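Right, one structure below, let's go through it.
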Amino acid sequence: MGWDRHSVRKAVVPVAGHGTRFLPATKAVPKEMLPVVDKPAIQYVVEEIAAVGLTDVVMVTGRGKRAIEDHFDRAPELEEALEAKDDEGRLQLVRKPTGLVRPHFVRQGDALGLGHAILCAAEHVGDEPFAALLGDDLIDPRDPLLARMLEVRRERGGSVVALMEVDPEHVSLYGCAAVEATDQADVVRVTGLVEKPPKESAPSSLVVIGRYVLAPEVFDVLRETPPGRGGEIQLTDALQALARRDGAGGPVHGVVFRGRRYDTGDKLEYLTIVVRLACERDDIGPDFTKWLREYVGRTV
Ligand code: UTP
């Protein structure tokens, strides 16, 4: 099947945030480069994009984010040194990020919010729908979400967000959705969105997580969106405008995700994913699990 302007070919990954929740680690190192066991968080996200067949990726970066560009570039000196040692295993690890996708980089300048970061990719994306993935949000590769979102976009058009049920106590940390059921159990129609509502006025306990499939009209809406909460241009505000439309970027549907998702920008969640993935690894898993059992036995 050839490409038409309705198919999704490109992905946008905003990585320009300051990562203040993870200071001081993120003073000079981007939070997206923090290792999850032995691979930086951003590589998991790029592998997720490659797994659904998208190859054109634009990362929205800023000052202090050079390490991300270097990670997806060749490393000739390192590769030569590993070649000289016949270390084929490590050579593959060094080369893998370079072959996953075609990365492009645009700079955000000032970190004026997620909506503004997405808008910085407008020129590269053009008049096509696109996927957007937050660089610090990890979805377990065994729980495919993006493929399902692309399917919903093909079936229903408009824009698609990923939603997750959270404890009502935690709704105020996220963008929260008002929804209506559809004829598919995992798909809802989003009728409204509100950024970080107090729990008393939250429309549901379904919150937006870091995966989106957006119609290009979102750029026009973002250009008109004034700074909202915290003086930032919020993607949630733009999605709220699209949710009211039938056509021209709307409607907005939500795929309700029930799999494993981790916000690596949050210290506690970061630790849980590192421990979980380390336990599941064939190489270090058995020894690490043994140590962990003994440690928990001693301290609890
Ligand atoms: P977050 O709010 O989680 O990122 O934004 P942050 O601002 O870096 O984190 P804290 O709260 O200070 O710790 C979600 C995603 O949007 C990107 C971030 O890099 C992250 O991947 N982002 C956010 C931008 O690219 N630009 C912005 O202006 C804001």
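Residue numbers run from 1 in the order of the sequence given. If you're wondering where the values come from, they're calculated on a predicted model, not measured in any experiment.
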On a heavy-atom basis, which atom in [X] and which in [Y] lie closest, and how many Å separate them?
| X | Y | value |
| --- | --- | --- |
| P129 | S7 | CG-O, 3.9 Å |
| P168 | K199 | O-CB, 3.6 Å |
| L222 | G115 | CD1-O, 3.4 Å |
| A177 | L163 | CB-CD2, 3.9 Å |
| P203 | V194 | CD-CG1, 3.6 Å |
| C176 | S204 | SG-O, 3.1 Å |

Original post:
With clusters built from Ile, Leu, Val, Met, Phe, Trp and Tyr whose side-chain heavy atoms come within less than 4.5 Å, directly or transitively, what are the remaining members of the cluster of L112, listed by chain and number?
Top reply: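 Via sub-4.5 Å side-chain contacts, L112 links to none.
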
**OP:** Could you identify which residues cluster with L268, counting Ile, Leu, Val, Met, Phe, Trp and Tyr as linked when any side-chain heavy atoms lie under 4.5 Å apart, either directly or through a chain of such contacts?
**Re:** none

Can you measure from [atom1] ([X]) to [atom2] ([Y]) and round to the nearest 0.5 angstrom?
| X | Y | atom1 | atom2 | value |
| --- | --- | --- | --- | --- |
| T55 | R9 | OG1 | CZ | 8.5 Å |
| Q92 | D87 | CD | CG | 10.5 Å |
| D140 | I273 | CG | CD1 | 7.0 Å |
| L54 | R102 | CG | CZ | 11.0 Å |
| S159 | M149 | OG | CE | 9.5 Å |
| R281 | T289 | CZ | OG1 | 12.0 Å |

Would you mind reporting whether [Y] and [X] have side-chain heavy atoms less than 4.5 Å apart?
| X | Y | result |
| --- | --- | --- |
| L34 | T264 | no |
| E217 | R245 | yes |
| R148 | E151 | yes |
| E128 | V8 | no |
| E155 | Q184 | yes |
| L119 | I233 | no |
| I139 | I209 | yes |
| L114 | L134 | yes |

Report whether [X] and [Y] are members of the same hydrophobic cluster (ILVMFWY, side-chain heavy atoms less than 4.5 Å apart, transitive linking).
| X | Y | answer |
| --- | --- | --- |
| Y44 | V58 | no |
| V94 | V101 | no |
| L93 | L91 | no |
| V15 | V57 | yes |
| M59 | V52 | yes |

Subject >> Where at least one partner belongs to residues 20-31, residue pairs that pass side-chain hydrogen bond (donor to acceptor under 3.5 Å, both in side chains), sequence neighbours excluded >> reply: R21-D263, K31-D136

Subject >> Full working for side chain to side chain contact (heavy atoms under 4.5 Å, CB included) between H18 and L23 >> reply: CA-CA 9 Å; H18 293 307; L23 283 168; over 6 Å; no

**OP:** Any chance you could lay out the side chain to side chain contact (heavy atoms under 4.5 Å, CB included) test for R298 and Y295, step after step, and finish with the verdict?
**Re:** CA-CA 5 Å; R298 272 204 313 273; Y295 179 72; 3.6 Å; yes

Subject >> Set of residues satisfying ring-ring contact (aromatic ring centres under 6.0 Å, His included) with respect to Y174, sequence neighbours excluded >> reply: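 With sequence neighbours excluded, Y174 shows a ring-ring contact (aromatic ring centres under 6.0 Å, His included) to no residue whatsoever.
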
Within the side chain of [X], is there an N or O that forms a donor-acceptor pair under 3.5 Å with the backbone of [Y]?
| X | Y | value |
| --- | --- | --- |
| T182 | V187 | yes |
| Q108 | G113 | yes |
| D137 | G210 | yes |
| E79 | A75 | yes |
| E180 | R189 | no |

**OP:** Under the side chain to side chain contact (heavy atoms under 4.5 Å, CB included) rule, what do L292 and C279 come out as? Steps first, then yes or no, please.
**Re:** CA-CA 9 Å; L292 191 60; C279 288; 3.8 Å; yes

Subject >> Pairwise ring pair (Phe, Tyr, Trp, His ring centres under 6.0 Å) hits with a residue in residues 63-99, at least two apart >> reply: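 Every pair satisfying ring pair (Phe, Tyr, Trp, His ring centres under 6.0 Å) with a residue in residues 63-99: there are none.
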
Original post:
Which residue pairs satisfy the ring pair (Phe, Tyr, Trp, His ring centres under 6.0 Å) criterion with at least one member in residues 115-163, sequence neighbours excluded?
Top reply: H104-H124, F130-F219

**OP:** Report the residue from L193, L235, V190 that forms a side-chain contact (heavy atoms from CB on, under 4.5 Å) with V208.
**Re:** L193

**OP:** List the steps and the verdict of salt bridge (Lys or Arg N to Asp or Glu O under 4.0 Å) for K39 and E47.
**Re:** CA-CA 11 Å; K39 192 158 74 175; E47 285 175 1; 2.8 Å; yes

Check ion pair [X]-[Y] (N to O, under 4.0 angstrom):
| X | Y | value |
| --- | --- | --- |
| R90 | D38 | no |
| R95 | E83 | yes |
| R66 | E69 | no |
| D287 | K290 | no |
| R260 | D143 | yes |

**OP:** Answer yes or no: are there more than 12 heavy-atom neighbours, outside E294 itself, under 6.0 Å from its atom CD?
**Re:** yes

Original post:
Please walk me through it: do D110 and R63 pass side chain to side chain contact (heavy atoms under 4.5 Å, CB included)?
Top reply: CA-CA 9 Å; D110 292 307; R63 284 176 298 283; 4.2 Å; yes

